There are 2 protein chains.
Amino acid sequence: MPYDPSAFPPFAVTVDLVVLTVRRHALCALAVRRGEPPFQGRWALPGGFVRADEDLAQAAARELAEETGLRAHDPAVPVQDNGAHLEQLATYGDPKRDPRMRVVSVAHLALAPDLPAPRAGGDASNARWAPVEELLQQGGYGRDGEPVAPLAFDHAQILSDGVERARSKIEYSSLATAFCPPEFTVGELRRVYEAVWGVALDPRNFHRKVTGTPGFLVPTGGTTTRQGGRPAQLFRAGGATLLNPPMLRPEV
Amino acid sequence: MPYDPSAFPPFAVTVDLVVLTVRRHALCALAVRRGEPPFQGRWALPGGFVRADEDLAQAAARELAEETGLRAHDPAVPVQDNGAHLEQLATYGDPKRDPRMRVVSVAHLALAPDLPAPRAGGDASNARWAPVEELLQQGGYGRDGEPVAPLAFDHAQILSDGVERARSKIEYSSLATAFCPPEFTVGELRRVYEAVWGVALDPRNFHRKVTGTPGFLVPTGGTTTRQGGRPAQLFRAGGATLLNPPMLRPEV
DNA sequence: GATCATAGTCGTCTGCCTGACGATAAACAC
DNA sequence: GTGTTTATCGTCAGGCAGACGACTATGATC
């Protein structure tokens with residue numbers, strides 16, 4: 001027995017993506033330029049409609065693949081390959097958030113290692129990685145001196161919530177490894193924490209902490225010199241997902 | 001310019017509520033009996049359609065008031081009066097979660113102090129507080145010896161997620177006070193933690209921890225003997241929302 | 001009224017973890 | 001070789017948590 005369609009108002013349901021990565025020691029998010037009204041020409045988060053036969057997570061994974069080529073991890077499987085971490089973030093449903101009609105957006109958060117270059121349907125000029133502070137600042141000027149328009153719709157709020165989720169989640173989980181390539185050094189992992197939190201961490205205490213937490217890191221045996229200086233051990237992400245005790249974010 | 005309605009599939013959007021409270025040293029959730037198919041006669045979480053002009057949080061607050069008479073707090077205002085804490089939990093949108101049509105449910109989590117009795121549109125027999133283990137057990141027998149049917153739809157999953165959110169959130173926030181009356185003793189707060197986590201806590205260490213965390217508790221000056229034994233100091237919830245360092249949940 | 005049971009509150013001690021920081025190691029640039 | 005950079009190991013003091021002893025203040029029971 002289907003519902004009486006007059007008994008409830010119809011909604012459009014979309015997924016929007018907060019895709020974060022660390023580039024050049026800065027936390028960056030994927031932004032796409034809108035090609036049509038409303039907010040034509042403004043930057044926005046990637047996203048799209050949920051299809052009739054699609055789960056929300058499937059829709060988010062499909063959008064992520066379309067925008068970045070990344071495959072999403074099965075959340076039940078620990079991070080192993082080069083895929084991105086994908087999780088539901090929150091849902092935004094203010095009646096006026098889209099001027100055209102009633103749209104409820106289920107935002108998702110994706111964490112990815114540094115990628116070569118974004119592609120938005122093949123058009124590179126309409127997609128870019130931008131530092132999150134640049135995307136979130138209101139009416140300032142970007143690094144190139146041009147005025148910065150705020151993100152379309154309520155996407156500044158969504159991005160802000162996604163960044164806060166990422167910042168708090170790397171405290172008590174091993175999610176920071178999702179920003180790293182499959183093999184990485186302790187120093188690279190530390191620079192991820194520093195970029196996401198925007199702080200400087202003591203390399204010695206950080207090294208002691210991450211190598212001393214069981215299941216966080218697994219040495220691969222190899223070493224590298226990627227960053228100059230003494231060669232560093234290479235690690236993969238271990239099976240542990242929850243860090244106990246957590247990494248402590250320095251205050252202020 | 002409205003969307004072309006043929007460009008996207010129409011969805012129904014509902015809010016479902018995980019309303020938790022602590023009664024008789026057990027973590028309980030509000031359940032309502034379904035009066036119509038599908039799942040007629042089965043227990044389910046309270047919920048309903050989001051109206052055309054309503055925000056998601058407004059819809060959740062309205063449903064909460066209809067089912068329990070509780071007013072929800074403005075999330076920006078710290079807990080002071082007898083209202084309930086209300087926050088968005090997660091969104092569930094499996095294409096088959098409702099056999100009738102495509103329904104996306106934005107689940108919310110509410111934490112309330114112990115209430116006299118539930119009312120579901122005035123019909124008490126169709127609403128009850130039930131221990132969460134009882135609602136979540138699959139095909140067992142309840143306290144009264146009658147067989148227990150699983151919750152309708154995917155509500156067991158939603159309830160499970162809500163309980164897990166509550167369990168983890170009282171670790172690092174002062175949310176446990178949302179389960180307490182406006183004035184409460186340290187022992188009452190401890191029994192909240194014990195019920196939600198299902199563990200026993202050392203009364204002395206707990207007392208030291210909560211009274212030593214700045215901003216968590218504010219003494220009102222009064223004392224009480226509600227639980228027998230030596231009179232205890234009464235407290236109100238302080239302004240702090242985040243506990244740093246957090247309460248530690250004993251392992252296993 | 002003495003005794004007991006029940007809760008609440010204050011202390012002590014020990015072990016672990018963290019932050020601060022010195023020291024050494026192994027590469028590269030000149 | 002010297003200096004620079006990054007990685008890694010150690011040391012030490014302070015803080016917090018778990019274990020648990022001791023004392024206090026009420027009501028219940030004999």
Side-chain angles (χ1 to χ4, degrees), chain A residues 24-25 170-172 180 183-195 197 199-235 240 242-252, chain B residues 24-25 170-172 180-181 183-195 197 199-236 240 242-252:
Chain A
R24 283 180 267 112
H25 293 199
I170 65 173
E171 285 188 56
Y172 58 88
C180 295
E183 297 199 344
F184 53 90
T185 68
V186 173
E188 289 166 350
L189 183 62
R190 176 170 49 83
R191 281 181 279 276
V192 164
Y193 275 91
E194 291 179 331
W197 284 345
V199 298
L201 299 175
D202 185 292
R204 298 157 291 188
N205 292 335
F206 183 87
H207 189 277
R208 177 182 60 191
K209 174 69 176 173
V210 297
T211 56
T213 300
F216 193 6
L217 300 182
V218 182
T220 66
T223 60
T224 185
T225 284
R226 275 201 279 267
Q227 307 282 338
R230 170 178 167 178
Q233 259 189 290
L234 283 170
F235 294 88
L242 255 50
L243 305 183
N244 208 333
M247 295 285 308
L248 291 186
R249 167 158 43 163
E251 25 206 312
V252 186
Chain B
R24 283 179 269 113
H25 294 197
I170 65 174
E171 285 189 56
Y172 58 88
C180 294
E183 296 198 345
F184 54 89
T185 68
V186 172
E188 289 166 350
L189 184 62
R190 175 169 49 82
R191 282 181 280 275
V192 164
Y193 275 92
E194 292 178 332
W197 284 344
V199 298
L201 300 175
D202 186 291
R204 299 158 290 191
N205 292 335
F206 184 86
H207 188 276
R208 178 183 61 191
K209 173 69 179 175
V210 296
T211 58
T213 300
F216 192 6
L217 300 182
V218 182
T220 67
T223 60
T224 186
T225 289
R226 275 201 278 270
Q227 308 282 338
R230 170 177 169 179
Q233 259 189 289
L234 283 171
F235 295 88
R236 284 184 299 102
L242 256 50
L243 305 183
N244 207 332
M247 295 285 308
L248 292 186
R249 168 160 36 165
E251 27 207 308
V252 189

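Every value quoted in this text rests on a predicted model; they were computed, and no experiment measured them. No hydrogens, no waters, no symmetry mates; every other heavy atom, side chains included, goes into these values.
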Participant: What are the bounds, 5' to 3', of the part of DNA chain D that sits under 4.0 Å from heavy atoms of chain B?
Facilitator: D:dA17 to D:dT26
Participant: Checking only heavy atoms, does the side chain of A:Arg204 share a donor-acceptor pair with the base of C:dG22 at less than 3.5 Å?
Facilitator: yes
Participant: Can you name the salt bridge (charged side-chain N to carboxylate O under 4.0 Å, His left out) partners of A:Arg230, sequence neighbours left out?
Facilitator: none
Participant: Whole Å only: how far is the CG atom of A:Leu201 from the C1' atom of C:dT18?
Facilitator: 13 Å
Participant: Whole angstrom is fine here: how far is it from CZ in A:Arg208 over to C1' in C:dG22?
Facilitator: 14 Å
Participant: Shortest non-hydrogen contact from A:Pro246 to A:Glu171?
Facilitator: CB-O, 3.2 Å
Participant: Would you kindly give the CD-to-C1' distance between B:Gln233 and C:dA7, to the nearest whole Å?
Facilitator: 14 Å
Participant: Please tell me which of the listed nucleotides, C:dG8, C:dC13, C:dA26, lies nearest to the side chain of A:Pro231?
Facilitator: C:dA26
Participant: Considering just the side-chain nitrogens and oxygens of B:His207, establish if one lies under 4.0 Å of OP1 or OP2 belonging to C:dT9.
Facilitator: yes
Participant: What is the nucleic acid contact for A:Arg226, judged by heavy atoms within less than 4.0 Å: base, sugar-phosphate only, or nothing?
Facilitator: nothing
Participant: Taking for each residue the nucleotide of DNA chain D bearing the nearest heavy atom, is the 5' side occupied by B:Gly229 or by A:Gly228?
Facilitator: A:Gly228
Participant: Measure the distance from CG on B:Asp202 to C1' on C:dT9 and round it to the nearest whole Å.
Facilitator: 12 Å
Participant: Could you give the CE-to-C1' distance, from A:Met247 to C:dC17, as a whole number of Å?
Facilitator: 13 Å
Participant: Kindly give the heavy-atom pair with the smallest separation between A:Val210 and A:Phe216, and that separation in Å.
Facilitator: CG1-CE2, 3.7 Å
Participant: State whether the side chain of B:Glu194 and the backbone N or O of B:Leu201 hold a donor-acceptor pair below 3.5 Å, judged by distance alone.
Facilitator: yes
